[in-house]
Amino acid sequence: MQKNLIDVDSSINSGQVFLWKKFDELWYGINGQNILKIDKFGEINSKVGNDDDFLRKTDNIKKILDSISKDKTIREAIKKYPGLRILRQDPFQCMISFIVSSNSNIQKIKLNLENISEKFGEKTCFEKKNFYLFPKPKKLANATVKEIRECGVGYRAEFIKECAQMINSKEIDFDSLRKTSYEQAKNEIMKISGIGNKVADCILLFSLEKLEAFPLDRWMIRILEKYYSNEFKLETKTITEKQYQIIHEKILNHFGGYAGYAQQFLFKMERENYQKRWL
DNA sequence: CCAAGGCCTGAATG
DNA sequence: ACATTCAGGCCTT
C-alpha cells in the first residue's frame with residue numbers, strides 16, 4: 001500500500017519546519033541539538049545517533065487517517081498527499097520558530113531562524129557539511145534584546161528572550177507539558193508573551209504530542225470559509241479568543257482527537273493550490 | 001466580550 | 001523612484 005509510505009518532501013515542505021536544506025536527494029535539517037539526514041524513503045541518520053522518531057513512524061497512521069476521514073474535502077486532501085506527516089520537533093526550537101512566525105512569512109521566518117542559529121548556535125560538522133545547531137535556551141536567555149534583534153526578528157526579540165528565560169529557569173518545563181492535558185499545556189505556554197492561540201497550537205501539535213491541537217491561522221480560516229462554511233461558521237469579523245475556542249470545539253467534534261493531522265492535510269492542499277513557496 | 005490600532009521587516013504592489 | 005500594503009499574530013487600549 002502506497003498509503004503507508006512517508007512523503008518526506010511534502011512533510012518537510014508543509015510549513016512545519018524551517019531549518020531544512022536539500023542536497024542531492026537528501027534532506028538535512030536542524031532539530032534542536034541534533035542534525036538529521038533523511039533520504040526519500042524516510043531513512044534517518046542523525047548526529048547524536050537518535051532521531052526521537054522525528055517522522056512519527058510509531059503512529060498508527062492508517063488508523064489516524066481513517067479516523068479523520070469525515071468528509072469529502074479532507075478525504076481529497078489525504079488522497080492528494082497520502083504520505084504527509086506531522087513531524088516531531090524539538091520543543092524549544094519549535095517554540096522560538098513559531099514566535100518568530102507571527103505576522104511573517106515563510107521566507108522571512110527561515111532567514112530569521114538561520115540568523116539566530118548562526119549567531120547563537122554551536123557550529124558543528126555532520127557528514128562533512130557544516131551546520132549550526134539551534135541555540136540552547138540558556139544562550140538566548142542571556143543574550144541581549146539588541147543582539148537578538150540583529151537577527152531581523154524586530155519586536156519579537158523581547159518575546160524570544162523572555163521565552164528562553166522561562167524555559168531556562170524551568171518555570172515552563174517541556175516534559176511536564178508533554179504529560180499534561182492539551183488545555184493545561186496550552187494555558188501554560190500562553191503565559192509567554194508572543195504566544196497566542198495560533199502559535200500555541202503549532203507548538204503543541206508539532207512538538208508536545210497534542211494531536212488534537214488545530215492551529216487556526218489566516219489560511220485555515222479561509223479554508224473553513226471555503227469548504228466548511230456550513231459547519232464552522234464565524235460569528236465575528238476577527239477571531240477573538242472566544243471564537244477560537246468555539247471553532248476548535250466544533251473541529252474536535254467533527255474530526256476527533258487527531259484533528260491536528262486533518263489541519264495539516266487541509267493546509268498543505270490549499271497552499272499547493274495557490275502554489276505558495278515553501279523552503 | 002469585541003473592535004481597532006500598532007508593531008519590525010522585506011517583498012510585492014500601485 | 002516612492003508610498004502603501006501585506007504576510008501563516010499578538011498585545012494593549
Side-chain angles (χ1 to χ4, degrees), chain A residues 10-20 77 81 84 86-87 89 93-116 119 143-163 166 186-207 213-227 233-249 251 259-279:
Chain A
S10 290
S11 302
I12 288 176
N13 280 316
S14 65
Q16 300 182 62
V17 292
F18 306 96
L19 293 174
W20 285 76
Y81 303 96
L84 177 63
I86 302 275
L87 306 172
Q89 300 183 42
Q93 180 175 337
C94 187
M95 208 168 226
I96 300 298
S97 298
F98 285 95
I99 287 176
V100 166
S101 81
S102 87
N103 204 18
S104 187
N105 56 67
I106 290 185
Q107 309 307 320
K108 186 162 168 274
I109 299 163
K110 185 179 177 232
L111 182 67
N112 292 163
L113 292 172
E114 283 169 354
N115 290 340
I116 288 173
K119 186 159 184 153
T144 66
V145 172
K146 184 169 173 288
E147 286 171 324
I148 299 173
R149 196 178 259 262
E150 281 163 5
C151 299
V153 297
Y155 61 88
R156 304 169 193 82
E158 296 180 53
F159 300 156
I160 292 170
K161 183 174 166 72
E162 187 203 328
C163 173
M166 288 175 83
K186 188 164 180 176
N187 281 337
E188 275 298 302
I189 62 175
M190 281 180 67
K191 286 178 190 164
I192 302 172
S193 47
I195 300 184
N197 266 302
K198 186 269 174 180
V199 170
D201 276 333
C202 287
I203 297 164
L204 294 168
L205 176 60
F206 300 142
S207 72
F214 194 103
L216 287 169
D217 55 18
R218 278 183 159 85
W219 281 89
M220 276 312 305
I221 295 296
R222 266 178 242 163
I223 291 167
L224 297 186
E225 281 170 353
K226 184 169 169 185
Y227 301 103
K233 211 174 167 194
L234 281 171
E235 312 267 337
T236 55
K237 199 95 184 166
T238 55
I239 323 156
T240 60
E241 175 98 24
K242 192 74 190 164
Q243 282 301 306
Y244 195 104
Q245 280 179 16
I246 290 171
I247 296 176
H248 184 242
E249 220 164 287
I251 296 267
Y261 264 97
Q263 184 269 355
Q264 204 58 31
F265 283 96
L266 294 172
F267 185 70
K268 173 74 178 175
M269 176 180 73
E270 198 66 357
R271 295 274 303 191
E272 292 289 347
N273 283 346
Y274 283 82
Q275 303 189 330
K276 300 302 281 186
R277 285 181 55 207
W278 302 101
L279 297 183

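Comparing B:dC8, C:dG9, C:dG8 by their closest approach to the side chain of A:R149 singles out B:dC8. When each of C:dG9, C:dC11, B:dT9 is scored by its nearest atom to the side-chain atoms of A:K198, the top-ranked nucleotide is C:dG9. Closest contact between the side chain of A:T240 and the listed nucleotides C:dG9, C:dG8, B:dA3 involves B:dA3. The side chain of A:N103 has C:dA7 as its nearest neighbour among C:dC11, C:dG8, C:dA7.
When heavy atoms are screened at a 4.0 angstrom cut-off, A:K242 is found touching the sugar-phosphate backbone but no base atom. If you check every strand for non-hydrogen atoms under 4.0 Å, A:I192 touches sugar and phosphate atoms only. Counting any heavy atom pair closer than 4.0 Å across all strands shown, A:N197 reaches sugar-phosphate atoms only and no base atom. At a threshold of 4.0 angstrom between heavy atoms, the contacts of A:G15 include nucleobase atoms, whether or not backbone atoms are also involved.
Of the C1' atoms belonging to B:dG5 and C:dT5, the separation is 16 Å, rounded to the nearest Å. With both ends at atom P, the span from C:dG8 to B:dG6 equals 22 Å, rounded to whole Å. With P as the reference atom, C:dA1 and B:dT9 are 23 Å apart, rounded to whole Å. Taking atom P in both B:dG10 and C:dC11, the straight-line distance is 23 Å, to the nearest Å.
One interatomic measurement links the two molecules: CD1 of A:I99 to C1' of C:dC10, which rounds to 11 Å at whole-angstrom precision. If you take CZ of A:F159 and C1' of C:dC11, they are 7 Å apart, rounded to a whole angstrom. In this structure, A:L113 atom CG and B:dT9 atom P are separated by 16 Å, rounded to whole Å. Between the P atom of C:dT5 and the CG atom of A:N105 lies a distance of 18 Å, rounded to the nearest Å. Taking atom CD of residue A:E158 and atom C1' of nucleotide C:dC11, one finds them 12 Å apart after rounding to whole Å. When the C1' atom of C:dC6 is taken as reference, atom NZ of A:K108 falls 12 Å away, rounded to whole Å. To the nearest angstrom, P of C:dG9 lies 11 Å from CH2 of A:W219. Note: OH (A:Y155) to P (C:dG9) measures 9 Å, nearest angstrom.
A:Y244 contributes no side-chain N or O that forms a donor-acceptor pair with the base of C:dG9 under 3.5 Å.
For A:F98 and A:F18, the distance between ring centers is under 6.0 angstrom.
Within the 4.0 Å cut-off from OP1 or OP2 of C:dC10, not a single side-chain nitrogen or oxygen of A:R156 is found. Considering only side-chain N and O atoms, A:R218 lies under 4.0 angstrom from the phosphate OP1 or OP2 of C:dG9.
Residue whose closest nucleotide on DNA chain C sits further toward the 5' end, between A:F267 and A:S193: A:F267. Between A:R271 and A:M190, the one whose closest nucleotide on DNA chain C sits nearer the 5' end is A:R271.
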Requested in this report: Report the C-alpha distance between A:D201 and A:K198 in whole Å, list the side-chain angles of each, state the deciding distance to 0.1 Å, and finish with yes or no for side chain to side chain contact (heavy atoms under 4.5 Å, CB included).
Outcome: CA-CA 5 Å; A:D201 276 333; A:K198 186 269 174 180; 6.0 Å; no

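Classification of A:K119 and A:E150 as a salt-bridged pair holds, one side-chain N sitting under 4.0 Å from a carboxylate O.
Shown here, C:dG8 forms no base pair; nothing in the strands shown gives a Watson-Crick or G-U wobble contact with both key distances under 3.5 Å.
A:W278 and A:Q107 form no side-chain donor-acceptor contact under 3.5 Å, judged by distance and modelled atom types alone.
Under the 4.5 Å side-chain criterion, counting only non-hydrogen atoms from C-beta, A:I189 is not in contact with A:V199.
Atom NZ of A:K242 has 12 or fewer neighbouring heavy atoms from other residues, nucleotides or ligands inside a 6.0 Å radius.
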